[in-house]
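Here is how names work: the chains are called A, B, and so on, in the same order as the sequence lines, proteins then strands, and each is numbered from 1.
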Number of protein chains: 2
Amino acid sequence: MAATIKDIARLAGVSPATVSRVLANKTAFYGPATAEKVQAAALKLGYRKNTAAAELVTQHSNVLAVVVNSVKTNFSSQIITGIQDTAAAHGLNVIIVYAGITDPEAQRKALLTVIERPVMGILLLSLNLTPENLQLLQGAQTPYCFLSIAFDDGDLPSIASDDWQVGYQATQTLLKAGHRKIGLAAVDSNSHTGRFRLAGYESALRDAGVSPQADWVQPGVYSYVAGREAMAAYGVTSGLTGVVAGSDMAAIGVLNQARDLGLTVPTDLSIVSIDGTEMCELVQPQLTSVSQNFYDMGAAGVRQLLEPGRQLQQVTPIQVVDRQTVRVL
Amino acid sequence: MAATIKDIARLAGVSPATVSRVLANKTAFYGPATAEKVQAAALKLGYRKNTAAAELVTQHSNVLAVVVNSVKTNFSSQIITGIQDTAAAHGLNVIIVYAGITDPEAQRKALLTVIERPVMGILLLSLNLTPENLQLLQGAQTPYCFLSIAFDDGDLPSIASDDWQVGYQATQTLLKAGHRKIGLAAVDSNSHTGRFRLAGYESALRDAGVSPQADWVQPGVYSYVAGREAMAAYGVTSGLTGVVAGSDMAAIGVLNQARDLGLTVPTDLSIVSIDGTEMCELVQPQLTSVSQNFYDMGAAGVRQLLEPGRQLQQVTPIQVVDRQTVRVL
DNA sequence: ACCAATCGGACAAACGTTTGCTTAAATTCA
DNA sequence: TGAATTTAAGCAAACGTTTGTCCGATTGGT
């Protein structure tokens with residue numbers, strides 16, 4: 001039903017080839033008179049290019065696919081903005097598909113929808129692929145890069161913060177304020193990210209001469225409820241005066257749970273959050289955080305895809321921004 | 001470079017047609033022996049189907065495109081989840097593209113990337129199209145539906161809440177609690193949505209025998225800063241005892257600004273928010289809200305696309321959920 | 001006025017699939 | 001045993017583009 005290049009050709013009285021060229025602005029191939037005729041015909045027919053067909057023959061696409069692990073993660077918006085901006089600057093279009101965070105089958109389907117289509121590259125947002133799905137991704141001819149997640153395997157291209165530093169600096173922020181008994185809440189010790197944050201946390205503690213206690217760390221999946229559960233597990237008798245939370249959401253979880261326990265933040269308990277999204281300034285008191293450069297991560301991701309020569313694993317800088325949740329003792 | 005159906009055919013010693021059939025599971029067209037050979041060859045070659053090519057010939061696609069106005073809107077995640085779930089149930093794949101909220105050119109580009117591709121339908125999330133872009137959309141052969149936004153023009157398919165009711169019930173919630181002087185903050189009076197919420201607000205007031213004052217309404221674009229600005233404009237001397245905010249974010253803005261002004265919520269000021277996202281339960285005190293059914297909106301949207309016979313403009317129910325920000329006088 | 005160069009445009013192949021039609025072989029039935 | 005039916009697989013066209021090659025006509029130079 002939709003008008004094709006041939007319809008235009010017929011209407012304008014020229015060949016499809018010529019139509020293609022004037023529509024692609026390949027001046028040097030046609031005269032002004034024909035150009036006009038073609039434009040008019042195209043307009044009249046309401047022509048819309050069939051990109052799929054074009055990509056089929058040119059064997060190259062200008063769409064960049066982003067696979068996101070879940071709808072919930074609130075920092076993703078910053079990364080996506082970074083991707084979007086730099087992609088646009090390079091004339092690329094961005095499409096996003098959501099993969100389930102848990103279900104490997106949903107993950108696989110999401111992966112397939114981007115792989116089976118001509119995309120010029122794939123960005124994976126804090127996505128933990130199963131081995132099979134990773135293989136699937138690598139089997140495709142498409143360049144890819146993981147974002148906001150790092151791997152033990154050094155061969156996987158990725159851009160993320162230095163998680164050890166994240167853990168270290170978060171903890172150090174509390175140590176500098178005079179805290180000694182410091183918890184680590186809602187980091188996932190099964191992930192590379194979580195293990196390194198934990199290691200950084202422990203190193204900071206030891207460097208300050210305090211020996212980590214097992215019950216100071218309450219693992220969890222970085223979520224709001226994980227934060228609440230961690231704080232609930234601490235209870236009021238833990239003796240902790242500060243806790244670093246695995247994410248902003250988690251921090252809000254411990255904040256709210258602390259309040260429910262009758263604790264005042266930061267008077268009774270100090271909190272430093274990890275991520276530094278706008279959430280930090282929305283809650284009361286505003287969360288002190290070690291902030292990641294999500295926007296830059298996104299931007300670096302598309303550059304990585306564009307210039308294959310880059311180093312595989314890149315690190316974006318972090319900074320601690322002091323707000324209202326750490327009390328100096 | 002990538003393996004094609006012909007490569008498989010050559011390797012398996014059959015025709016491309018047969019390969020296509022076994023890969024598509026068109027039993028009845030091939031014997032078990034050939035099937036095996038083909039499967040093996042496909043596996044060996046790491047074959048990935050070229051969906052673009054397939055869609056070109058079948059003239060039909062199973063991807064559903066969602067165009068989102070901005071990364072910021074936090075309720076979009078619920079709608080998208082609704083879309084995602086029902087789409088998956090119908091065997092559809094979902095891709096998302098972001099259009100700038102302001103820039104008509106970015107909007108146009110986003111629209112083009114979905115229109116110029118074989119998609120089976122387009123869902124537009126609270127997107128206000130320029131007339132040219134609307135025309136562009138309508139010119140495409142693709143079915144579409146607006147979500148979480150309504151229009152004066154009754155011909156545009158859309159699914160949204162009844163905005164008049166939203167405004168009415170939000171206001172009524174405060175009236176029932178004994179409030180008389182009630183503000184309306186951060187609704188955009190340029191939009192259909194905003195105008196109807198305003199009308200509902202005024203009707204509720206009048207039905208309760210209180211006549212609306214011009215300085216009670218402080219328009220804005222539903223954002224956090226719009227909320228803050230509205231509250232700042234009210235100041236401490238307004239005499240308002242309650243305000244309904246245009247969105248959860250806006251409500252948080254008035255909440256925080258009220259606090260900065262030395263006001264305690266809900267003791268000095270009651271707030272009812274519009275939207276009812278999880279944000280409401282994250283802040284302290286938790287926001288009383290008139291909640292929209294975003295998930296259902298998304299679900300209804302994909303059904304609308306699937307069954308063209310449906311009525312054009314649908315309304316999803318709302319409910320007020322009482323939390324902690326309205327004080328009964 | 002003749003040859004070369006340039007210009008404008010057409011022809012046709014190719015991209016990777018799907019699918020209607022055809023054909024050859026194998027099976028069934030009387 | 002012969003005809004009819006079923007089964008298995010191949011041929012080739014088609015989808016809507018892009019682009020290398022080719023051709024005729026106009027132009028310019030001498």
What distance separates A/S161 OG from A/M297 CE, expressed to the nearest 0.5 Å?
3.5 Å
May I ask you to say what A/A17 touches in the nucleic acid, namely base, sugar-phosphate or nothing, with a heavy-atom cut-off under 4.0 Å?
base
Determine whether A/I79 and A/L123 make a side-chain contact, defined as any pair of heavy atoms from C-beta on separated by less than 4.5 Å.
no
To the nearest angstrom, the CD-C1' distance between A/Q59 and C/dA14 comes to 9 Å
Would you compute the distance between atom CG of A/D188 and atom OG of A/S247 and round it to the nearest 0.5 angstrom?
11.5 Å
In this structure, how many angstroms lie between the C1' atom of D/dA14 and the CG atom of B/L56, rounded?
9 Å
Which residue lies toward the 5' end of DNA chain C, A/G13 or B/A53, if each is placed at its nearest nucleotide?
A/G13
Rounding to 10 degrees, work out the angle separating the end axes of the helix from C/dA1-D/dT30 to C/dA30-D/dT1 (five pairs an end).
40°
Value rounded to 0.5 Å, distance of CG in B/L125 from CD1 in B/I80
6.0 Å
Taking ring-ring contact (aromatic ring centres under 6.0 Å, His included) as the test, write out the residues that go with B/F29, two or more places apart.
none
Let me have the donor-acceptor pairs involving side chains of residues 106-115 of chain A, under 3.5 Å, with sequence neighbours excluded, atom names and distances please.
from   : atom 1 : to     : atom 2 : distance (Å)
A/Q107 : OE1    : A/T130 : N      : 3.4
A/Q107 : OE1    : A/N133 : ND2    : 3.0
A/Q107 : NE2    : A/N128 : O      : 3.1
A/T113 : OG1    : A/A110 : O      : 2.8

First encountered from the 5' end of DNA chain D, between B/S15 and B/V57:
B/S15
State whether A/T4 places a side-chain N or O below 4.0 Å from either non-bridging phosphate oxygen (OP1 or OP2) of D/dG16.
no
Measure NZ/B/K6 against P/C/dA13 and give the value in whole Å, please.
13 Å
Below the 4.0 Å mark, does C/dG9 have OP1 or OP2 next to a side-chain nitrogen or oxygen of A/T18?
no
A/I5 atom CD1 is separated from D/dT19 atom P, nearest whole Å, by 11 Å
Rounded off to whole Å, could you give me the CD-to-P distance for the B/Q141 and D/dG16 pair?
11 Å
Under the side-chain hydrogen bond (donor to acceptor under 3.5 Å, both in side chains) rule, what pairs show up with a residue in residues 32-52 of chain B, not counting sequence neighbours?
A/E116-B/T51
Write down the distance between NE2 (B/H60) and P (D/dG16), rounded to a whole number of angstrom.
16 Å
Separation of C/dA14 C1' from B/N50 CG (nearest whole Å)
14 Å
Mind listing the residues from residues 19-35 of chain B sitting with a heavy atom below 4.0 Å of DNA chain C? Number order is fine.
B/S20, B/R21, B/K26
Whole angstroms only, please: what is the CD1-C1' distance between B/I8 and C/dT18?
14 Å
Does A/D152 have any salt bridge (charged side-chain N to carboxylate O under 4.0 Å, His left out) partners at least two apart in sequence or in another chain, and if so, which?
A/R195
The reported gap from NZ in B/K26 to OG1 in B/T18 (rounded to nearest 0.5 angstrom) is 13.0 Å
